[in-house]
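Some notes on the structure that comes next.
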There are 2 protein chains.
Amino acid sequence: MRLVIARCSVDYEGRLRAHLPLATRLLVVKADGSVLVHSDGGSYKPLNWMSPPAVLRAVEPDEDDREAGVESVWRVQNAKSDDRLIVRIHETIHDSTHELGVDPGLIKDGVEADLQRLLAEQIDTLGAGFSLVRREYMTAIGPVDILARDAEGRTVAIELKRRGDIDGVEQLTRYLELMNRDPLLAPVRGIFAAQKIKPQARTLATDRGIECVTLDYDQMRGVDDSASRLF
Amino acid sequence: MRLVIARCSVDYEGRLRAHLPLATRLLVVKADGSVLVHSDGGSYKPLNWMSPPAVLRAVEPDEDDREAGVESVWRVQNAKSDDRLIVRIHETIHDSTHELGVDPGLIKDGVEADLQRLLAEQIDTLGAGFSLVRREYMTAIGPVDILARDAEGRTVAIELKRRGDIDGVEQLTRYLELMNRDPLLAPVRGIFAAQKIKPQARTLATDRGIECVTLDYDQMRGVDDSASRLF
DNA sequence: TTCTATATTTCGTCA
DNA sequence: TGACGAAGTATAGAA
């Protein structure tokens with residue numbers, strides 16, 4: 001990994017075109033040829049970048065660039081597409097290279113899969129007398145997150161999201177439409193469950209006869225003590 | 001901006017929990033307190049991070065950590081939420097700090113807004129006799145990208161996407177449903193326009209009586225010569 | 001390889 | 001400030 005602090009301007013051409021005027025920035029060159037251009041603020045997204053695999057070639061500036069004060073030009077070309085990044089370096093303030101080795105990678109807990117496991121275990125939080133049929137119930141158009149049965153024995157299709165957006169409602173609607181054509185399952189109740197449900201999504205769901213439930217992941221994790229043994 | 005290359009382990013706790021085992025990584029500390037943890041590969045997304053605004057406190061390792069070989073512990077706390085990142089540093093390989101100043105920011109060309117402007121100007125590429133009513137036509141459930149009228153005077157709702165995906169078709173379907181209830185507008189034609197339309201999206205659109213049009217941005221930009229004056 | 005769904009999404013815009 | 005849609009989305013998993 002190479003770290004460079006430099007006064008530079010940057011141009012990207014590919015899926016769109018983008019330009020960064022001259023300023024001092026951090027340039028990170030990774031082992032796979034990818035390049036990140038970071039400013040001293042904002043969040044983790046670089047101002048501009050090149051995705052791997054890519055090849056960096058440092059070339060001599062042409063006459064115009066040299067007159068404008070350009071010291072060196074990086075041409076970063078993606079190996080699989082036409083995307084390219086051009087960095088014009090006017091002044092190098094820092095330049096160092098380091099061996100990092102391969103990273104063992106990230107271990108996560110609390111993503112949708114964990115929510116799904118917890119909700120399946122605590123299915124009666126959705127209503128007294130609820131019982132689990134199965135998780136990831138396959139249909140012709142994709143898997144329903146959780147299939148359950150309510151106290152009256154009616155089939156319940158549950159769509160689970162961390163953030164309840166409008167497209168989650170659309171997804172559940174498609175499943176319900178399909179499942180209600182199956183005389184063995186119909187009539188099927190729909191429940192849209194999420195940690196937070198957007199007003200638009202709630203309106204659409206209600207309009208289509210889908211119930212909305214907001215989940216408290218911390219509380220659900222508290223009930224299940226296996227989570228505390230993870231780390 | 002502070003750059004540190006260190007052998008470290010990292011734990012995040014907040015919206016989820018995540019753990020990075022001991023390895024050599026790049027740590028970037030920005031002026032707003034945000035922290036990025038990068039490996040020497042992958043793309044621009046860090047393995048782990050803290051969003052701004054945040055405060056970094058370096059604390060002494062406790063006895064257990066010290067026995068495990070921890071040299072220093074960073075506690076990074078988000079200033080607006082409960083999110084926190086803990087970096088346990090076992091060995092510091094590089095540590096430097098640099099003044100970058102404020103960045104002038106990125107100038108983009110070729111995003112959906114540019115496509116929309118061009119298509120509005122060249123609305124007759126969708127059909128002879130088409131005329132523009134207005135861009136971003138507001139409805140109760142959101143803005144229709146472009147509203148136009150065809151040669152027969154019929155209202156046309158146009159949904160514009162860079163990439164024509166299935167949810168774009170769903171979006172346009174919702175608009176059409178709503179607008180067709182309005183006797184002043186009905187019947188409303190729907191056109192799904194994108195630089196590339198996925199087969200599934202095309203099938204769904206056609207099934208719902210929505211026309212599909214693929215756009216050539218380079219050609220459209222060629223017609224409008226103001227684009228060439230951008231940089 | 002391609003498609004699909006998720007994301008500690010981030011980022012802008014508009015009410 | 002919050003909601004909503006776009007992103008050079010990235011990324012992981014399944015078909």
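Since this is a predicted model, take the numbers as computed values, not measurements. In what follows, every chain begins at residue 1, and chains take the letters A, B, ... in the order their sequences are listed. Computation of the quantities below employed the complete heavy-atom set of this structure, encompassing side-chain atoms and omitting hydrogens, waters and symmetry-equivalent molecules.
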Could you go through nucleotides 4-7 of chain D and list every protein N or O atom that sits under 3.5 Å from one of its N or O atoms, giving the distance for each pair?
unit_1: D/dA6; atom_1: OP1; unit_2: B/Glu112; atom_2: OE1; d: 3.4
unit_1: D/dA6; atom_1: OP1; unit_2: B/Lys161; atom_2: NZ; d: 2.9
unit_1: D/dA6; atom_1: OP2; unit_2: B/Lys161; atom_2: NZ; d: 3.4
unit_1: D/dA7; atom_1: OP1; unit_2: B/Glu112; atom_2: N; d: 3.0

Length of the NZ-P vector between B/Lys80 and C/dT10, whole Å: 14 Å
Under 3.5 Å, which protein N or O atoms sit close to an N or O of nucleotides 12-15 of chain C? Give each pair with its distance.
none

Between B/Arg88 and B/Asp11, does at least one N-O distance fall below 4.0 Å, as a salt bridge requires? yes
Could you check how far CG of A/Leu106 sits from P of D/dA10, rounded to whole Å? 18 Å
Are B/Lys161 and B/Glu159 close enough for a salt bridge, meaning some N to O gap below 4.0 Å? yes
Looking only at side-chain N and O atoms, does A/Thr173 offer a donor or acceptor that is under 3.5 Å from a partner on A/Arg208? yes
From OH of B/Tyr44 over to C1' of D/dG8, roughly how many Å is that when rounded to an integer? 8 Å
Length of the line joining A/Asp109:CG and C/dA7:P, which is rounded to integer Å: 12 Å
Mind checking if B/Ser51 touches a base, just sugar-phosphate, or nothing, with heavy atoms under 4.0 Å? sugar-phosphate
Using a strict cut-off of less than 4.0 Å between a Lys/Arg side-chain nitrogen and an Asp/Glu carboxylate oxygen, indicate whether B/Asp109 and B/Arg221 qualify as a salt bridge. yes
What closest approach, in Å, do B/Leu22 and B/Arg7 show between heavy atoms, and which atom pair accounts for it? CD2-NH1, 3.4 Å
Rounded to the nearest 0.5 Å, how far apart are OH of A/Tyr44 and NE2 of B/His38? 10.0 Å
To the nearest angstrom, how far is B/Met50 atom CE from C/dT8 atom C1'? 9 Å
Calculate the interatomic distance between A/Asn78 atom CG and D/dA10 atom P; express it in whole Å. 11 Å
Gap between atoms CG and P, on A/Asp114 and D/dA12 respectively (whole Å): 16 Å
Is A/Arg135 salt-bridged to A/Asp145, going by a charged N under 4.0 Å from an acidic O? no
From NZ of B/Lys196 over to C1' of C/dC3, roughly how many Å is that when rounded to an integer? 13 Å
Between C/dC11 and D/dT11, how many Å separate the two P atoms, rounded to a whole number? 15 Å
Check this for me, if you would: do B/Lys108 and B/Asp114 make a salt bridge, where the nitrogen-to-carboxylate-oxygen distance has to be below 4.0 angstrom? no
Give me the distance, rounded to whole Å, that separates C/dT4 from D/dG8 when you measure between the P atoms they each carry. 22 Å
Which parts of residues 29-39 of chain A get close to DNA chain D, meaning a heavy atom less than 4.0 angstrom away? none
Shortest non-hydrogen separation from B/Leu172 to B/Ile191 and the atoms involved: CD2-O, 3.5 Å
Straight-line distance of A/Arg202 CZ to A/Glu211 CD, nearest 0.5 Å: 12.0 Å
Answer yes if the side chains of B/Ser39 and B/Arg25 hold a donor-acceptor pair under 3.5 Å, and no otherwise. no
